[in-house]
Amino acid sequence: SLFEWRVCMLINGRGTRWKYMTFVEMTLENFAGLCIILGFLESVFYSNKDYFQEEGGAGEVRSAYEYVINHFGGIQLVFELTYALFFQEGASHCYAWMLMYISVLIVFFDHVKGLKWLPAIVRICAIRLLFIILAYAFVLTGFAVIFWLRFGERLKQFMNPSRSFCELAMLAAGMPMHVFDHIKPWEDQDSLSAS
């Protein structure tokens, strides 16, 4: 079908990687590339944030870009600008390196005779974990919408669906952040229902 062909084009590009890579390896590679692009975009858009101050606390607060332009020259200026514009925000780059590392490990283990079973187990577990996480997210989203509709006007922690989702996810993880704020079950019927 047309949809399947489009999905294959998104995953495999021109269609030449099927010979050399598995579906999981291609997916990891695509996610790593996406994380790198997101890291570049975050760095470009957030490199002008004002967060740098001169030594000793004196002087105005400037962006990293302005500091690099005013304090460096020559090849060091090129290196510093490259870092500030592309690698300043590190979270997405960390995810990309992690995905590339997993891809390299899978390829390495596939070529070692005694370890060929390990990538197969990792693939099976990863797919099952992905399905569990998706099902868990759907259940949490449903409860978040219910709590937002029922208690959104009364309790601040359920004032919108995303905040409800975060509070319920943290509660399910064993770290109740603000989910029980202003809930007095023995004084209020809404609080009793929420608890």
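All values below were derived from every heavy atom in this structure, side-chain atoms included, with hydrogens, water molecules and symmetry-related copies excluded. Note that this is a predicted model, so its numbers are computed, not measured. Sequence positions, counted from 1, serve as the residue numbers for this chain.
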Task: Hydrophobic cluster (4.5 angstrom, side-chain heavy atoms) - remaining members for Leu149 - done: Val145, Trp148
Open item on the list: If you compare all heavy atoms of Ala144 against all heavy atoms of Ser164, which two are closest, and at what distance to 0.1 Å?
Closed with: O-CB, 3.5 Å
Task: Sequence neighbours excluded, every pair satisfying salt bridge (charged side-chain N to carboxylate O under 4.0 Å, His left out) that has a member inside residues 95-114 - done: Asp110-Arg123
TODO: Please write out which residues are connected to Ile124 in a hydrophobic cluster, directly or through intermediates, given that two of Ile, Leu, Val, Met, Phe, Trp, Tyr count as joined at side-chain heavy-atom separations below 4.5 angstrom.
DONE: none
- [ ] Would you kindly confirm whether Val104 and Val112 end up in one hydrophobic cluster when ILVMFWY residues are joined by side chain heavy atoms under 4.5 Å apart?
- [x] no
Task: Results of side chain to side chain contact (heavy atoms under 4.5 Å, CB included) for Ile127 - residues two or more places apart only - done: Phe131
Open item on the list: So, taking the atom named CZ in Phe108 and the one named OH in Tyr101, what distance separates them when rounded to the nearest 0.5 Å?
Closed with: 10.0 Å
- [ ] Hydrophobic side-chain clustering at under 4.5 Å (ILVMFWY, transitive links): who's grouped with Leu130? Put none if nobody.
- [x] Leu134
Task: Residues in side chain to side chain contact (heavy atoms under 4.5 Å, CB included) contact with Ile102, at least two apart in sequence or another chain - done: Leu28, Met98, Ile106
- [ ] Report the residues that fulfil side chain to side chain contact (heavy atoms under 4.5 Å, CB included) with Val107, sequence neighbours left out, ordered by chain and then residue number.
- [x] Glu25, His111
Open item on the list: Restricting to side chain to side chain contact (heavy atoms under 4.5 Å, CB included), what partner residues turn up for Leu38, sequence neighbours left out?
Closed with: Leu34, Ser92
Task: Set of residues satisfying side-chain hydrogen bond (donor to acceptor under 3.5 Å, both in side chains) with respect to Ser162, sequence neighbours excluded - done: Asn160
Open item on the list: Could you measure the distance from the CG atom of Leu140 to the CG atom of Leu171? Nearest 0.5 Å is fine.
Closed with: 9.5 Å
TODO: To the nearest 0.5 angstrom, please state how far the CD1 atom of Ile132 sits from the SG atom of Cys125.
DONE: 9.5 Å
Open item on the list: Restricting to non-hydrogen atoms, name the atom on Ala137 and the atom on Thr141 that form the minimum distance, rounded to 0.1 Å.
Closed with: O-OG1, 2.7 Å
Open item on the list: Just verifying a value: how many Å separate Phe109 CZ and Leu118 CG, rounded to the nearest 0.5 Å?
Closed with: 5.5 Å
